[in-house]
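Here's the structure we're looking at; comments come further down.
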Amino acid sequence: MTDTIQSEIHAILQAAIRAAISAGELSIPDVPDIPFSPTKTPEHGDFATPVALGLAKQAKLPPRKIADTIVAHIEVAAHPQIRQIDIAGPGFINIHLSDEWLYATLRTIVAEGDAYGTCDKGAGQRVQVEFVSANPTGPLNIVSGRAAAVGDTLVNLLNAVGYQAIREFYVNDAGGQVERLGTSIDVRYRQALGETGLQIPEGGYEGEYLREFAQAIADAEGDTYLQLGAAERVSLFRDRGIAHILAQQEASLERFGVQFDVWTSEKAIRDSGKPEEILQLFRDKQYLYEAEDATWFRMSAFGDDKDCVVIRRDGEYTYFVPDAAYHRDKFDRGFHQVINFFGPDHQGHVSRLHNFVKALGLPDDWLEISIIQQVNFVNAEGHREDMSKRRGKFLTLDALVDELAGAIGERFAVDVARYFFLMRANNTHLDFNLELAITEANENPVFYIQYAFARCWSILQKTAEHGITPRRIDKVSLELLTEPMAHELIRKLSEFPALVLFSAEAREVHRIAHYLHELAGLFHPYYNQHRVLDAAHQERTQARLVLTRAVQTVLKNGLALLGISALEKRM
RNA sequence: GCGCCUAUAGCUCAAUCGGAUAGAGCAACGGAUUUCUAAUCCGUAGGUUGCAGGUUCGAUUCCUGCUAGGCGUGCCA
């Protein structure tokens, strides 16, 4: 549990502004939001805030004057971690921290270990994250892999900052698509038994995996199912197909390091009576009307450009009904916040689902939907292939991991795939460069980070060989860490808890990935220029060992959030 | 047509929700190796942030309009 220096500074600034207001020196109604951030250059101190700039208009004073007033209410001497506060440029307040702050950071990291970076901001609130939710009609594709990595990591982040988040997979095991799965398997089954002139029906699934699945049934059980009526056979193959594909998807996810806490069946939702309840609710609220032999929902009343059908001409529900019921169900389960990750092919559904949630009378900000954008696979020749599942041609997650594993081994394959999926913002298209992914060199960020970890580990392993016994941190002279590089490293380490919190709340998992790369990018140069283990300088060695341990801890904690292994040795 | 996303160095991308001089990696060029694991490091070079306006102390970030690319727009889920 980390109490960040940021929250301390925030409190100090807040108190100073409040004091200035009550002293009548600032005529503003209340303490505003105080934006502040680590600085980019050391000249500007360690943290800086432009809060005075923002208040200028409201307080009717020049920004520098406001900054003066605020700073006058901070007693620097009372805060040992603050060395100096000055005002620069148009009115920035720059806070220079003392070296004591750096040492305190190291002590915190060493003391907290695995817990460094966590906090209790979420206050135990329950959050549900639904992701992947691929149809049980085929293997997981690349975008599902990306969604799996992102969703899994977001849950890790949310749990790290004190929420109780769970992973949930919605199984679309009812409706037209799985019917067509049944008919597709039926065709393949009969073909396997030698029947000719059959074709996969329009909208069916042509993938090779169904041919294999049907062949296996034919091999093991022969033509027994031909005696059934067509409808019965299709329905049987549908259910077996769903079970088979679902098991396959689960295995792929497990291989990828993702385990879902809850699998919710659409069929179960349909059978629960909830669809009828919400339809009645919609009817009572006059959201429904009949036209063209179907039942429509007034989506236009919510700002959409057209209404949509909820009960088809043939009496079947469209997917909107179970989907709305599913979200009602999520709400009834008591989640404080629900986050859905949808694939790029579902973007038309985003505003509609929001509207249904509104129509159900649920709070607008309760549901959050992010689109996981397309993944372009850049192959060895540099060609792009798009991953559209509907066109029948797609690369599966397993195929990707297989491909990587062939080059760099199974464990690294998963690490690299996860990192590559996590290094871009969710809503941007992602180019997956396979050539780069299998490179065991510095241009591969995963190896770069893992190598930094391995170096830390190795140093800590070799202390005895060099006649050094690591001491407890309170017996170490941390002030011997004099190099600017060491300071920069510790500063970076200190940012980790705030970053974890920010990433979780902004749902921006890629920031962790970038951070780790930057941290490794500070450690490697330090390692090259400053030898840690040096029997001739025992005291300094002790101090550098603490720094090494701290770097190792943060790398380990960060990688754990991303679900990437921290390996001690080269494979 | 309408909607969503994207556009930043030659390439792939960052930039902590509007802050100070826009940062990394790759590729290019020049260096470091009897190492605490070279999976590394040091240096050089690289920019009118797609275009045009607007908002303001201040814009890669917000607004409007263009341009280009991707995706979506079913009585499929």
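What you are looking at is a predicted structure, and each value in this text was computed from that prediction instead of being measured.
- If you check every strand for non-hydrogen atoms under 4.0 Å, A/Ala56 touches nothing.
- Between B/A27 and B/G19, the two P atoms lie 33 Å apart (nearest whole Å).
- Among the nucleotides B/G25, B/U40, B/C75, the one closest to the side chain of A/Asn528 is B/U40.
- Distance check on atom C1': B/U8 versus B/C13 gives 9 Å, rounded to whole Å.
- Salt-bridge formation is not detected for the pair A/Arg540/A/Glu483: no Lys NZ or Arg NE/NH1/NH2 atom is positioned less than 4.0 Å from an Asp or Glu carboxylate oxygen.
- Aromatic ring orientation, A/His349 versus A/Phe342: parallel (interplanar angle below 30°, classes split at 30° and 60°).
- Spacing of C1' atoms, B/A15 relative to B/A9, comes out at 14 Å, to the nearest Å.
- In the interface, the side chain of A/Tyr451 is not paired with the base of B/A39 through any donor and acceptor atom under 3.5 Å apart.
- Closest to the side chain of A/Tyr448, from the set B/A39, B/U40, B/C75, is B/U40.
- Between A/Glu539 and A/Leu480 the shortest heavy-atom distance is CB-CD1, 3.5 Å.
- Separating the CG atom of A/Leu519 from the P atom of B/G25 is a distance of 15 Å, rounded to the nearest angstrom.
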message: Could you spell out the base pairing of RNA chain B as a dot-bracket line? Use Watson-Crick and G-U wobble contacts where both distances are under 3.5 Å, [ ] for crossing pairs, | for partners on a different strand.
response: (((((((..((((.....[...)))).(((((.......))))).....(((((..]....))))))))))))....

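- Atom CG of A/Asp304 is separated from atom P of B/G72 by 17 Å (rounded to the nearest Å).
- Using a 4.5 Å heavy-atom threshold, the side chains of A/Arg352 and A/Phe297 count as separate.
- Using cut-offs of 30° and 60° for the angle between ring planes, the A/Tyr526 and A/His530 rings count as tilted.
- If you check every strand for non-hydrogen atoms under 4.0 Å, A/Gln373 touches sugar and phosphate atoms only.
- Residue A/Arg313 is classed as a base contact, given a heavy-atom separation below 4.0 Å to a base.
- Considering only side-chain atoms of A/Asn427, the nucleotide from B/A77, B/C5, B/C41 that sits closest is B/C5.
- The two residues A/Gln177 and A/Asn135 have their closest heavy-atom pair at OE1-ND2, 2.8 Å.
- Within the 4.5 Å cutoff, no side-chain heavy atoms of A/Leu522 are placed close to those of A/Met485.
- Dashed line: the shortest gap from a side-chain N or O of A/Arg531 to OP1 or OP2 of B/C36 is under 4.0 Å.
- Whole-Å rounding puts the A/Asp305 CG to B/U73 P distance at 13 Å.
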query: What string of B, S and - do you get for nucleotides 44-49 of chain B 5' to 3' if you count protein non-hydrogen atoms under 4.0 Å?
result: ------

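- At a threshold of 4.0 angstrom between heavy atoms, the contacts of A/Ser458 include nucleobase atoms, whether or not backbone atoms are also involved.
- At least one side-chain heavy atom of A/Leu279 sits less than 4.5 Å from a side-chain heavy atom of A/Tyr317.
- Distances from the side chain of A/Lys306 to the nucleotides B/C41, B/C75, B/U73 place B/U73 closest.
- Remark: C1' of B/U33 and OH of A/Tyr527 are 12 Å apart, rounded to the nearest angstrom.
- A centroid separation of 6.0 Å or more is found between the aromatic rings of A/His44 and A/Phe92.
- Across the protein-nucleic acid pair, A/Arg64 atom CZ and B/C57 atom C1' stand 13 Å apart, rounded to whole Å.
- Between A/Lys267 and A/Asp271, at least one side-chain N (NZ, or NE/NH1/NH2) sits under 4.0 Å from a carboxylate O, which counts as a salt bridge.
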task: Summarise how protein sits on nucleotides 14-20 of chain B as a single string, 5' to 3': B when a protein heavy atom is under 4.0 Å from the base, S for sugar-phosphate-only contact, - for no contact.
output: SSB--BB

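- Between A/Glu130 and A/Lys330 there is a salt bridge, since a side-chain N of the basic residue sits under 4.0 Å from a carboxylate O of the acidic one.
- Comment: A/Glu266 engages A/Arg270 in a salt bridge, judged by a side-chain N to carboxylate O separation of less than 4.0 angstrom.
- Checked against the 6.0 Å centroid criterion, the rings of A/Phe356 and A/Phe302 do not qualify as a close aromatic pair.
- B/U44 and B/G50: their P atoms are spaced 27 Å apart (whole Å).
- Considering only the side chain of A/Gln529, B/C41 comes nearest among B/A39, B/A77, B/C41.
- Residue-to-nucleotide proximity on RNA chain B shows that, of A/Phe320 and A/Leu533, the 5′-proximal contact is made by A/Leu533.
- Within 4.0 Å of A/Gly348, counting heavy atoms only, lie sugar-phosphate atoms of the nucleic acid but no base atom.
- In this structure, the CG atom of A/Leu547 is 18 Å from the P atom of B/C36, given to the nearest Å.
- Between A/Ala174 and A/Lys462, the residue whose closest nucleotide on RNA chain B is further toward the 5' end is A/Lys462.
- Nearest to the side-chain atoms of A/Arg270 among the listed nucleotides B/C71, B/A77, B/A24 stands B/A77.
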